[in-house]
Amino acid sequence: MISARTFARALPATRRSALRAYATAASTAPPVQLFGVDGTYASALYTASAKESSLDATSKGLASLKAVIEKDSTLTSVLENPALSASDKKVVVESLTKSVSGITPAVSNFLTILAENNRLGLLSDVIGKFDTLMSAYKGEIEATITSAAPLDNKTINRIEAAISKSEFVGAGKKLKVSNKVNPEILGGLIVEVGDRTVDLSVSSKISKLNTLISQAI
């Protein structure tokens, strides 16, 4: 039997180099394909961070950025202002990097690129998409339970147990559950697991009923 070492030595140098390049590219590629401008930026940031072996550090830095943005409504307005001058954008980026500890070079460069391309308003969306990539990287399946009012932990745990046993969650996958509150659904639940949605909301039932009535008239 030919050992792996012997096989590697038998390969031409150019072939070994190509294999190493392929393996590196595969290991730094995003685990899932995302769409939209925010998905493109998130995927680029993922690849840059993977090449630096700083995925976890980048994720923590983005989480800190998200917390800062959510606490400051004025900052959100500034980021979404398309009329910012180049010098203003530079000041915003410098302020963000100084106010958040643990910003990696990849995140710093990412913020600069967003500013140069007048895309700072997408920052929160890109962070959300990056979280999606990290969940996929960790083998997690995201489940969002939307309710008209906050659910208690007992109810969330029961729903989580039911989802875990369903066909929605593959073998070896970890379920990551969050509860989103939207009073407009009136009651019931909307359960989103990955790219699948089960709509059991009262508003959905009313909408279907109205459709049936209008078709019958």
Side-chain angles (χ1 to χ4, degrees), residues 26-73 75-76 78-80 92-93 95-97 99-115 117 119-147 150-151 153 156-157 159-160 163-164 166 168-182 189-198:
S27 64
T28 60
V32 293
Q33 185 178 5
L34 298 180
F35 301 94
V37 178
D38 50 355
T40 299
Y41 278 105
S43 298
L45 177 57
Y46 180 96
T47 298
S49 300
K51 289 180 178 179
E52 295 178 355
S53 300
S54 61
L55 282 172
D56 289 334
T58 294
S59 183
K60 290 178 181 178
L62 291 179
S64 298
L65 271 176
K66 181 180 179 181
V68 169
I69 294 171
E70 290 179 343
K71 289 180 180 179
D72 191 343
S73 58
L75 177 57
T76 301
V78 171
L79 292 174
E80 294 177 350
V92 171
V93 170
S95 176
L96 285 173
T97 54
S99 62
V100 178
S101 60
I103 292 293
T104 63
V107 173
S108 180
N109 291 336
F110 156 70
L111 289 173
T112 299
I113 292 172
L114 282 184
N117 293 338
R119 297 290 189 179
L120 284 173
L122 289 176
L123 180 54
S124 294
D125 293 334
V126 175
I127 292 175
K129 289 295 181 70
F130 189 87
D131 287 343
T132 298
L133 292 175
M134 287 301 293
S135 292
Y137 168 70
K138 295 176 181 178
E140 297 175 341
I141 297 292
E142 293 188 357
T144 302
I145 306 169
T146 302
S147 54
L151 300 176
N153 290 333
I156 292 176
N157 290 338
I159 297 173
E160 181 177 357
I163 297 174
S164 298
S166 72
F168 291 177
V169 182
K173 298 292 184 179
K174 294 177 289 185
L175 195 60
K176 182 180 179 183
V177 178
S178 62
N179 179 206
K180 179 181 177 182
V181 177
N182 181 7
L189 299 171
I190 299 176
V191 180
E192 299 171 271
V193 184
D195 59 353
R196 302 186 183 186
T197 301
V198 178

Quick check: do [X] and [Y] have side-chain heavy atoms less than 4.5 Å from each other?
X: Ile159; Y: Leu189; answer: yes
X: Asp125; Y: Tyr41; answer: no
X: Asp56; Y: Met134; answer: yes

Can you tell me how far the [atom1] atom of [X] sits from the [atom2] atom of [Y], to the nearest 0.5 Å?
X: Leu123; Y: Leu114; atom1: CG; atom2: CG; result: 6.5 Å
X: Leu122; Y: Ile127; atom1: CG; atom2: CD1; result: 11.0 Å
X: Ser178; Y: Glu192; atom1: OG; atom2: CD; result: 9.0 Å
X: Ile190; Y: Asn182; atom1: CD1; atom2: CG; result: 7.0 Å
X: Glu70; Y: Ser124; atom1: CD; atom2: OG; result: 7.0 Å
X: Ile163; Y: Arg196; atom1: CD1; atom2: CZ; result: 12.5 Å

Residue that, paired with Ser49, satisfies side chain to side chain donor-acceptor pair (under 3.5 Å) out of Thr58, Thr28, Thr104: Thr58
- request: Mind running side chain to side chain contact (heavy atoms under 4.5 Å, CB included) on Leu133 and Leu45 for me, showing each step along the way?
  value: CA-CA 10 Å; Leu133 292 175; Leu45 177 57; over 6 Å; no
Minimum heavy-atom distance [X]-[Y], with the two atoms named:
X: Ser64; Y: Val100; value: CB-CG1, 3.2 Å
X: Leu79; Y: Ile69; value: CD1-CD1, 3.9 Å
X: Glu140; Y: Lys176; value: OE1-CD, 3.5 Å
X: Gly39; Y: Leu34; value: CA-CB, 3.8 Å
X: Leu175; Y: Ser164; value: CD2-OG, 3.5 Å

Got a donor-acceptor contact below 3.5 angstrom from the [X] side chain to the [Y] backbone?
X: Thr197; Y: Val193; result: no
X: Asn179; Y: Leu151; result: yes
X: Asn109; Y: Pro105; result: yes

- prompt: Between Leu96 and Leu75, is a side chain to side chain contact (heavy atoms under 4.5 Å, CB included) present by the stated rule, with each step listed?
  reply: CA-CA 10 Å; Leu96 285 173; Leu75 177 57; 3.9 Å; yes
- request: Could you label the plane-to-plane angle of the Tyr137 and Tyr46 rings as parallel, tilted or perpendicular, counting under 30° as parallel and over 60° as perpendicular?
  value: perpendicular
message: Quick one, Leu65 with Ile103, criterion side chain to side chain contact (heavy atoms under 4.5 Å, CB included). Give me CA distance, side-chain angles, the key distance, then yes/no.
response: CA-CA 9 Å; Leu65 271 176; Ile103 292 293; 4.2 Å; yes
